[in-house]
Number of protein chains: 2
Amino acid sequence: MKNTTLVTMTTSDSVPSRRQTWQKDAVLHALGTSQGFVSAQQLHRQLTQHGSAIGLATVYRTLNSLVADGLADSLVGREGESLFRDCSKDHHHHLICNGCGVAVEIEAKQAEAWASKVAKDHGFTDVSHTIDIFGLCKQCTK
Amino acid sequence: MKNTTLVTMTTSDSVPSRRQTWQKDAVLHALGTSQGFVSAQQLHRQLTQHGSAIGLATVYRTLNSLVADGLADSLVGREGESLFRDCSKDHHHHLICNGCGVAVEIEAKQAEAWASKVAKDHGFTDVSHTIDIFGLCKQCTK
DNA sequence: GTCTTATTGATATCCATTATCAGTAAGGCT
DNA sequence: AGCCTTACTGATAATGGATATCAATAAGAC
């Protein structure tokens, strides 16, 4: 039971200036070329297979910071692992194929509105939601 | 795990008759008395603290079979752990407090309808969805 | 160039969950 | 009741994703 309400004081003056590294570029680029959602492990495998000598820990770190900075989107897959995707655009949701992993972006305004209304109605704050649809795409259904 | 030689199952159907054990009852009962969603670990802790000498593996096994049988509901929490809840009723969704863990049951007909429509429109089959809202409840907001 | 320190990466570690497997006991049978 | 099959249990090992550690490296400021 974790209750650490940690607020990571990234405020004001103590902001460490980010440094640009080829590793970060590599992760971002690899993310960008991926079709659907990918796990950190997959990404790392892909990178190393392409010759990159990036470390696994760095991939995790980079992905997390990307998500924190809103440059990537993440969701929890079937087995509980985190999946990532390039997504500097606005917030949206996905229709994901359990077979091939393809992810279709879907408009969820309706659902979003509903979600935030429900939360508000119950006096909840700091609201986030998880709205994703899983299934088998037309190809994989065969 | 290959059982090459001892398949022989002459029994009409391969459905192994379930046996009733105090362990299963204990898990089910503990689930029933829990307020919101609980993790397998929490449940096990609760049970052992109450004198029960049930094994952790059994708790996991039982919970999984409960979910498989539709007697329990499960979802993936913030840290990626599985959370369970007594829920033989029909499918529904939850508004979950990240602070205290309280789970409010919510009507999601709207969202569900939307989800299945979107999936169908894209030719997806075997569809399931993940619709949950997280936030801080009124109490924990303070 | 020199210095500071953010960042990296190999590895140890953590933690939830599952697999193993010998021992136990539920429940059918006689 | 006793027997027998085997579903079930539980201590523990193993798995696997993700994070922590920490010395070494290199980005960016001077």
Side-chain angles (χ1 to χ4, degrees), chain A residues 1-4 6 8-10 13-28 30 37-48 51-69 72 74-84, chain B residues 1-3 5-28 30 37-48 51-69 72 74-84 101:
Chain A
M1 200 161 7
K2 281 264 191 77
N3 245 353
T4 34
L6 103 121
T8 327
M9 207 217 31
T10 341
D13 58 295
S14 65
V15 181
S17 56
R18 297 266 158 94
R19 291 180 186 174
Q20 188 193 343
T21 62
W22 64 266
Q23 287 95 334
K24 289 176 184 173
D25 287 342
V27 170
L28 199 49
F37 278 82
V38 259
S39 68
Q41 308 268 356
Q42 285 179 305
L43 221 51
H44 178 248
R45 210 175 308 140
Q46 178 187 325
L47 283 165
T48 50
S52 179
I54 194 172
L56 177 60
T58 303
V59 174
Y60 275 103
R61 264 189 302 246
T62 307
L63 284 172
N64 283 335
S65 69
L66 284 176
V67 171
D69 293 350
S74 79
L75 61 81
V76 179
R78 260 304 155 77
E79 330 278 322
E81 6 70 86
S82 294
L83 301 177
F84 302 85
Chain B
M1 42 184 287
K2 282 288 176 71
N3 267 349
T5 37
L6 91 144
V7 181
T8 339
M9 59 159 74
T10 20
T11 37
S12 52
D13 215 32
S14 62
V15 181
S17 55
R18 298 267 156 93
R19 292 180 184 174
Q20 187 192 343
T21 63
W22 63 266
Q23 287 95 336
K24 289 178 184 172
D25 287 343
V27 170
L28 200 49
F37 278 81
V38 257
S39 68
Q41 307 268 357
Q42 285 178 306
L43 222 49
H44 179 246
R45 210 176 308 136
Q46 178 188 326
L47 283 165
T48 50
S52 180
I54 194 171
L56 176 60
T58 301
V59 174
Y60 274 101
R61 266 190 300 246
T62 306
L63 284 172
N64 283 335
S65 68
L66 284 176
V67 171
D69 293 351
S74 78
L75 61 82
V76 179
R78 258 305 151 78
E79 330 277 324
E81 5 71 87
S82 294
L83 302 178
F84 301 86

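Here is how names work: the chains are called A, B, and so on, in the same order as the sequence lines, proteins then strands, and each is numbered from 1.
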Under 4.0 angstrom between A/Y60 side-chain N/O and D/dA18 OP1 or OP2
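A/Y60 to D/dA18 OP1/OP2: side-chain N or O found under 4.0 Å.
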Is there a side-chain polar atom (N or O) of B/N64 under 4.0 Å from OP1 or OP2 of C/dT17?
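Checking C/dT17 against B/N64, no side-chain N or O comes under 4.0 Å of OP1 or OP2.
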Just how far, in rounded Å, is [atom2] of [N] from [atom1] of [X]?
X     : N      : atom1 : atom2 : value
B/K24 : D/dC8  : NZ    : C1'   : 7 Å
B/E79 : C/dT17 : CD    : C1'   : 16 Å
A/D25 : C/dT7  : CG    : C1'   : 14 Å
A/H44 : C/dT8  : NE2   : C1'   : 12 Å
B/L63 : C/dA16 : CG    : C1'   : 13 Å
A/Q23 : C/dA10 : CD    : C1'   : 14 Å
A/L56 : D/dT19 : CG    : P     : 10 Å

For the student: nearest non-hydrogen atoms of A/Y60 and A/Q41, plus distance
OH-NE2, 2.8 Å
Minimum heavy-atom distance A/D69-A/R18, with the two atoms named
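Looking at all heavy atoms of both residues, the shortest contact is OD2-NH1, 3.0 Å.
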Heavy atoms under 4.0 Å, any strand shown: does B/S39 hit a base, just sugar-phosphate, or nothing?
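B/S39: no heavy atom of the nucleic acid under 4.0 Å.
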Using a heavy-atom cut-off of 4.0 Å across all strands, would you classify A/I54 as base, sugar-phosphate, or nothing?
sugar-phosphate
B/W22 or A/R61, whichever maps to the more 5' nucleotide of DNA chain C:
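Taking each residue's closest nucleotide, the earlier one in sequence belongs to A/R61.
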Could you go over nucleotides 28-30 of chain D and give all protein N or O partners under 3.5 Å, atom names and distances?
unit_1, atom_1, unit_2, atom_2, d
D/dG28, OP1, A/Q20, N, 2.9

When you get a sec, tell me which of D/dT9, C/dT17, C/dT8 is the closest nucleotide to the side chain of B/S82?
C/dT17
What's the closest nucleotide to the B/Q41 side chain, out of C/dT8, D/dG10, C/dA16?
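My answer, after comparing the listed nucleotides, is C/dA16.
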Decide yes or no for A/L75 and A/F37: does some side-chain heavy atom of the first lie under 4.5 Å from some side-chain heavy atom of the second?
yes
Answer whether the closest heavy-atom distance between the side chains of A/T58 and A/H44 falls below 4.5 Å.
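Side-chain contact under 4.5 Å: no.
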For the side chain of A/K24 and the backbone of A/L66, is there at least one donor-acceptor N/O pair under 3.5 Å apart?
no
Going from OG1 on B/T21 to CD1 on B/I54, what distance comes out if it is rounded to the nearest 0.5 angstrom?
7.5 Å
I need the B/S52 OG to B/Q46 CD distance, nearest 0.5 Å.
10.0 Å
Need to verify one output field. Residue with the more 5' nearest nucleotide on DNA chain D, B/V59 or A/F84?
B/V59
